[in-house]
Amino acid sequence: MKITTTIDDSKIMKKIAIFASGNGSNCENIIKHFSQSEVARVVLVVTNNPSAKVIERAKRLDTDISIVPKDSISDSSIMLPLLREKCIDLIVLAGFMLYIPSFLIDNYPHRIVNIHPSLLPKYGGKGMYGMHVHEAVKENNEKESGITIHFVNNEYDRGEIIAQYSTPVSPDDSAEEIAEKVHKLEYAHYPSIIEKIIREEA
Ligand code: GAR
């Protein structure tokens, strides 16, 4: 007699939490990507900012969202139960502007990923985020910029680099135009790199 087993997808799918503080266009792109994936789903969005546009985006995409004030983000008795309740396997930062506390790094070793809108180590570190990065790239007449996807450690933008992609910058580009080029790279590569990390770990 042939015995067939049914595999329940919901049990083998990895679960992603996205942390985002603002607009959330990367968050939306990642949620959409994984809604079609066989390896993972975004099951939670965490934001520290009650007026962030990401809240509307997550709601529209039927994804649970937790608004967690800054002080509570650094409180392990709040964050760990929140993530454990959702059985989170991977934390993805997408425009998350707060420091990641060390208890999260200890509990999710090599399982917290960030995207930074420059070719690190250039234009990284405290205070270098969002438009500040693109303005500095413009000011220094750089001929290229790009994105860095990296694991998160205890130092701002210094974790192990997973992937980098570049785009040319012309002297005529405004900081906004550089931002647009960089965002295009983010949308094209961040979801697939996250998927690659998950597939390689499985
Ligand atoms: C993205 O460009 C991301 O790389 C950057 O914030 C933007 C968020 O855009 N992150 C950092 O600067 C982190 N240091 P989004 O909210 O539309 O996804």
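Sequence positions, counted from 1, serve as the residue numbers for this chain.
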Which atom pair, heavy atoms only, marks the closest approach of Ile65 to Val54? CD1-O, 4.4 Å

Decide side chain to side chain contact (heavy atoms under 4.5 Å, CB included) for Ser37 and Glu195; before the verdict, give the C-alpha distance in whole Å, the side-chain angles of both, and the deciding distance to 0.1 Å. CA-CA 9 Å; Ser37 162; Glu195 181 155 345; 4.0 Å; yes

Non-hydrogen atoms of Leu104 and Leu80 that approach each other most closely: CD2-CD2, 4.2 Å

Side chains of His134 and His183 in contact at under 4.5 Å (non-hydrogen atoms): no

Set of side chain to side chain donor-acceptor pair (under 3.5 Å) partners for Ser51, sequence neighbours left out: Asn49

Which residues end up grouped with Leu119 if you chain together Ile, Leu, Val, Met, Phe, Trp and Tyr wherever their side-chain heavy atoms are less than 4.5 Å apart? none

Apply salt bridge (charged side-chain N to carboxylate O under 4.0 Å, His left out) to Glu155 and Lys126, showing your working. CA-CA 9 Å; Glu155 288 177 276; Lys126 202 169 185 320; over 6 Å; no

Looking only at heavy atoms, what is the nearest atom pair of Pro50 and Ile55, with distance? O-CD1, 3.3 Å

From Ile30 CD1 over to Ile115 CD1, what is the distance, rounded to the nearest 0.5 angstrom? 7.5 Å

Distance-only, no hydrogens or angles: does the Arg111 side chain make a donor-acceptor pair with backbone N or O of Asp89 under 3.5 Å? yes

Looking only at atom types and distance, does a side-chain atom of Asp157 sit under 3.5 Å from a main-chain N or O of Gly125, one as donor and one as acceptor? yes

Could you give the distance from CD1 (Ile105) to CD1 (Ile100), rounded to the nearest 0.5 Å? 7.0 Å

Apply salt bridge (charged side-chain N to carboxylate O under 4.0 Å, His left out) to Asp64 and Lys86, showing your working. CA-CA 10 Å; Asp64 285 354; Lys86 293 275 185 188; 2.4 Å; yes

Cys27 to Ala94 - nearest heavy-atom pair and separation: N-CB, 4.2 Å

Other ILVMFWY residues reachable from Met97 by side-chain steps of under 4.5 Å: Tyr129

So, taking the atom named CD1 in Ile16 and the one named CZ in Arg41, what distance separates them when rounded to the nearest 0.5 Å? 9.5 Å

May I have all residue pairs that pass ring pair (Phe, Tyr, Trp, His ring centres under 6.0 Å) and include part of residues 15-72, sequence neighbours excluded? Phe19-Phe96

Do Met131 and Leu98 land in one hydrophobic cluster if side-chain heavy atoms of ILVMFWY residues count as linked below 4.5 Å? no

Heavy-atom closest pair, residues Ala188 and Ser192: O-OG, 3.8 Å

Which donor-acceptor pairs under 3.5 Å do side chains of residues 158-169 form with protein atoms, sequence neighbours excluded?
{"residue": "Glu160", "atom": "OE1", "partner": "His110", "partner atom": "NE2", "Å": "3.0"}
{"residue": "Gln164", "atom": "NE2", "partner": "Leu120", "partner atom": "O", "Å": "2.8"}
{"residue": "Gln164", "atom": "NE2", "partner": "Thr148", "partner atom": "OG1", "Å": "2.8"}

Transitive ILVMFWY side-chain link Leu93 to Ile193, under 4.5 Å: no

Please tell me whether Tyr99 and Met79 are part of a single hydrophobic cluster in this structure, the criterion being side-chain heavy atoms less than 4.5 Å apart. no

Do you reckon Ile31 sits in the same ILVMFWY cluster as Val92, going by side-chain contacts under 4.5 Å, direct or chained? yes

In Å and rounded to the nearest 0.5 Å, what is the CD1 to CG distance from Ile18 to Leu90? 9.5 Å

Rounded to the nearest 0.5 Å, what's the gap from CG on Leu44 to CG on Leu83? Could you check? 7.0 Å

Name every donor-acceptor pair, under 3.5 Å, that has one atom in a side chain of residues 171-179 and the other anywhere in the protein, sequence neighbours excluded.
{"residue": "Asp173", "atom": "OD2", "partner": "Ser170", "partner atom": "N", "Å": "3.0"}
{"residue": "Asp173", "atom": "OD2", "partner": "Lys181", "partner atom": "NZ", "Å": "2.6"}
{"residue": "Ser174", "atom": "OG", "partner": "Glu176", "partner atom": "N", "Å": "3.4"}
{"residue": "Ser174", "atom": "OG", "partner": "Glu177", "partner atom": "N", "Å": "3.1"}
{"residue": "Ser174", "atom": "OG", "partner": "Glu177", "partner atom": "OE1", "Å": "3.4"}
{"residue": "Glu177", "atom": "OE1", "partner": "Ser174", "partner atom": "N", "Å": "2.8"}

OH-CD1 distance between Tyr190 and Ile147, expressed to the nearest 0.5 angstrom: 9.5 Å

Looking only at heavy atoms, the pair that brings Pro191 and Asn29 closest together is CG-ND2, 3.5 Å

What residues form a side chain to side chain donor-acceptor pair (under 3.5 Å) with Ser145, not counting sequence neighbours? none

Pairwise salt bridge (charged side-chain N to carboxylate O under 4.0 Å, His left out) hits with a residue in residues 129-146, at least two apart: Lys122-Glu142

Are the side chain of His116 and the backbone N or O of Tyr123 linked by a donor-acceptor pair below 3.5 Å? yes

Applying side chain to side chain donor-acceptor pair (under 3.5 Å) to Thr63 and not counting sequence neighbours gives none

Please list all pairs meeting side-chain hydrogen bond (donor to acceptor under 3.5 Å, both in side chains) that have one or both residues in residues 67-76, counting only residues at least two apart or in different chains. Asp75-Ser77

Would you kindly confirm whether Tyr108 and Val113 end up in one hydrophobic cluster when ILVMFWY residues are joined by side chain heavy atoms under 4.5 Å apart? no

Pair listing, side-chain hydrogen bond (donor to acceptor under 3.5 Å, both in side chains) test, anchored in residues 16-28, at least two apart: Ser21-Asn48, Asn23-Arg57, Ser25-Tyr187, Asn26-Glu186, Glu28-Lys32, Glu28-Arg57, Glu28-Arg60

Going by the ring pair (Phe, Tyr, Trp, His ring centres under 6.0 Å) test, which pairs reach into residues 46-83, not counting sequence neighbours? none

